[in-house]
Amino acid sequence: MKTRAAVATAAGKPLEIMEVDLEGPRDGEVLLEVKATGICHTDDFTLSGADPEGLFPTILGHEGAGVVVDVGPGVTSLKKGDHVIPLYTPECRQCPSCLSQKTNLCTAIRATQGQGLMPDGTSRFSIGGEKLHHYMGCSTFSNHTVLPEIAVAKVNPEAPFDKICYIGCGVTTGIGAVINTAKVEIGSTAIVFGLGGIGLNVIQGLRLAGADMIIGVDINNAKKEWGEKFGMTHFVNPKEVEGDLVLYLVDMTKRGADQIGGADYTFDCTGNVTVMRQALESAHRGWGESIVIGVAGAGQEISTRPFQLVTGRTWKGTAFGGARGRTDVPKIVDWYMEGKIDIDPMITHTLSLDEINKGFDLMHGGESIRSVVVY
Ligand code: NAD
Ligand code: 022
Ligand code: ZN
């Protein structure tokens with residue numbers, strides 16, 4: 001079939017809106033009509049050419065929502081008409097990783113997904129016979145796309161596509177980091193570094209988990225009001241702190257008879273390796289955990305003194321908030337429908353596919369929390 005897509009023809013070039021060829025679903029695959037897609041940092045990272053694993057030409061996008069319009073042979077868990085969210089982290093429930101119950105990083109289709117291909121090693125997308133790569137197994141910048149059944153979460157059909165697409169990455173990553181990775185307890189103290197599309201979702205996850213003190217840290221003062229909207233209790237702008245930021249945060253979180261400071265949980269939502277160190281070192285001696293969510297640039301390294309770990313701090317990372325996509329994503333959609341979590345205010349811009357490049361400009365200008373393309 002033919003469908004309309006925003007094609008990344010080469011690194012550093014704007015996306016080109018054009019008609020592409022899409023083959024139907026093969027064994028174990030489904031064809032989706034994408035109704036809405038968010039624009040996320042990783043799409044920009046790959047498009048810029050800074051991602052050493054980026055492949056071109058390709059159809060980017062990994063934060064979508066849509067409807068199943070066709071199913072291939074052998075598909076049992078999905079049918080035409082189902083409302084779904086594509087998963088860049090699949091959940092096969094059969095590989096050693098899924099069976100371990102210790103990680104959400106399913107390995108069933110990992111190798112081919114990284115090569116921009118479907119599990120059988122081929123692509124469904126082409127233009128005039130020339131192959132296009134899939135992206136993160138999703139390619140939601142196309143009005144139609146094909147995914148393996150194991151990479152599709154079936155969700156509540158009442159939920160609005162233009163909001164729940166954000167659950168395909170940002171919402172689940174932020175809330176999941178709190179619930180699945182950190183497992184934050186009621187009454188905890190937390191520090192969130194970077195109050196963008198991820199950090200704000202960490203904040204609302206912390207509110208949901210019942211954290212007492214939720215400190216937001218951002219170099220942009222405009223983020224204070226944003227943080228407060230989602231449950232932040234204190235704001236710190238590192239540029240306005242005299243002296244050492246870590247000492248300042250440790251001082252802010254002093255409590256108990258021994259007056260030792262530091263947060264129970266800290267989260268890096270910047271991707272900046274200097275911030276990752278600050279986040280680790282502002283965690284409480286003896287038990288503080290620091291969760292790396294931000295994706296750093298290629299080749300970047302983190303460092304700290306080992307004494308920080310010897311004295312009981314833990315450094316962790318999380319992919320897709322530790323969420324098992326087919327199991328957890330439908331639950332998060334329900335939380336949204338029940339009013340337990342907020343999404344609407346974070347979607348600051350809604351665009352048509354023809355305006356998609358504007359979404360990248362808004363991200364660069366720091367003007368948007370999330371831009372969503374509606375087909
Ligand atoms: P964003 O650009 O919307 O937000 C980043 C925020 O950090 C901004 O508000 C910025 O002002 C702030 N900031 C920048 N430098 C800072 C500093 N030195 N100290 C404090 N604050 C600073 O980005 P986002 O969409 O929220 O994404 C954040 C990161 O999360 C990105 O690296 C993204 O790739 C990553 N991410 C990871 C996963 C995962 O599964 N691990 C999933 C989605 C996104
Ligand atoms: C999504 N991310 C950042 C912004 N939006 C993001 C990027 C990478 C990962 C997760 C979220 C990630 C963490 C660990 C891995 N990835 C490796 C997983 C594995 O090897 O099992 C990751 C993922 C997908 C892809 C590349 C890296 C891909 O499809 N190309 C989950
Ligand atoms: Zn993303």
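Just so you know, ligand 1 is whichever comes first in the structure, and atom 1 is the first atom listed for that ligand.
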Heavy atoms of the protein only: does one fall short of 4.0 Å from [atom]?
atom: atom 4 (C) of ligand 2; answer: yes
atom: atom 19 (C) of ligand 2; answer: yes
atom: atom 8 (C) of ligand 2; answer: no
atom: atom 16 (N) of ligand 2; answer: no
atom: atom 27 (C) of ligand 2; answer: no
atom: atom 1 (C) of ligand 2; answer: yes

Considering both backbone and side-chain atoms of [X], is one of its nitrogen or oxygen atoms within less than 3.5 Å of a nitrogen or oxygen in ligand 1?
X: N220; result: no
X: V295; result: yes
X: I198; result: yes
X: I293; result: yes
X: C40; result: no

Side chains of [X] and [Y]: donor-acceptor distance under 3.5 Å anywhere?
X: D344; Y: Y336; value: yes
X: R313; Y: T311; value: yes
X: R26; Y: T122; value: yes
X: T327; Y: E91; value: yes
X: N156; Y: H83; value: no
X: T266; Y: S290; value: yes
X: N221; Y: E240; value: yes
X: S77; Y: E149; value: yes

Should the proximity of H41 to ligand 2, defined as any heavy atom under 4.0 Å, be assigned to the side chain, the backbone, both, or neither?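 Near ligand 2, H41 shows nothing, with every heavy atom at 4.0 Å or more.
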
Tell me which part of M136 gets within contact of ligand 2: side chain, backbone, both or neither, using heavy atoms under 4.0 Å.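 It is both parts that get close, each with some atom under 4.0 Å.
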
Are any side-chain N or O atoms of [X] and backbone N or O atoms of [Y], one a donor and one an acceptor, separated by less than 3.5 Å?
X: R324; Y: Q101; value: yes
X: S139; Y: I59; value: yes
X: T140; Y: G61; value: yes

Classify the angle between the aromatic ring planes of H364 and F360 as parallel (below 30°), tilted (30 to 60°) or perpendicular (above 60°).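 The arrangement is tilted - the two ring planes meet at 30° to 60°.
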
Of the side chain and backbone of [X], name the one, both, or neither that has a heavy atom under 4.0 Å from an atom of ligand 1.
X: M363; answer: neither
X: V275; answer: side chain
X: C169; answer: side chain

Quick one: which ligand 1 atoms are inside 4.0 Å of a heavy atom on T318?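 By the 4.0 Å cutoff, the relevant atoms are 39 (C), 40 (O), 41 (N).
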
By number and element, which atoms of ligand 1 are closer than 4.0 Å to a non-hydrogen atom of R370?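 Listed by number with element: 25 (O).
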
For ligand 2, which atoms have a heavy atom of C40 less than 4.0 angstrom away?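 Matching atoms, with element in brackets: 4 (C), 5 (N).
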
Find all atoms of ligand 2 within a distance of less than 4.0 Å from any non-hydrogen atom belonging to C169, and give their numbers and elements.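 Answer, ordered by atom number: 1 (C), 5 (N).
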
Hey, which of V178, T318, T181, I198 is the one that makes side-chain contact (heavy atoms from CB on, under 4.5 Å) with F267?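 Exactly one candidate clears the test, V178.
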
Protein heavy-atom partner closest to atom 12 (C) of ligand 2 - residue, atom, separation in Å: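 The protein heavy atom lying closest is A319 CB, 4.2 Å.
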
C40 N/O/S atom closer than 2.8 Å to the Zn ion (ligand 3):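 C40 does place an N, O or S atom closer than 2.8 Å to the Zn ion (ligand 3).
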
Consider every N or O of T89 and every N or O of ligand 2, then say whether any pair is closer than 3.5 Å.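 N/O-N/O distance below 3.5 Å does not exist for this pair.
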
Before signing off on this row, confirm whether Q113 and ligand 2 have an N or O atom pair separated by under 3.5 Å.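 For ligand 2, there is an N or O atom that lies under 3.5 Å from one belonging to Q113.
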
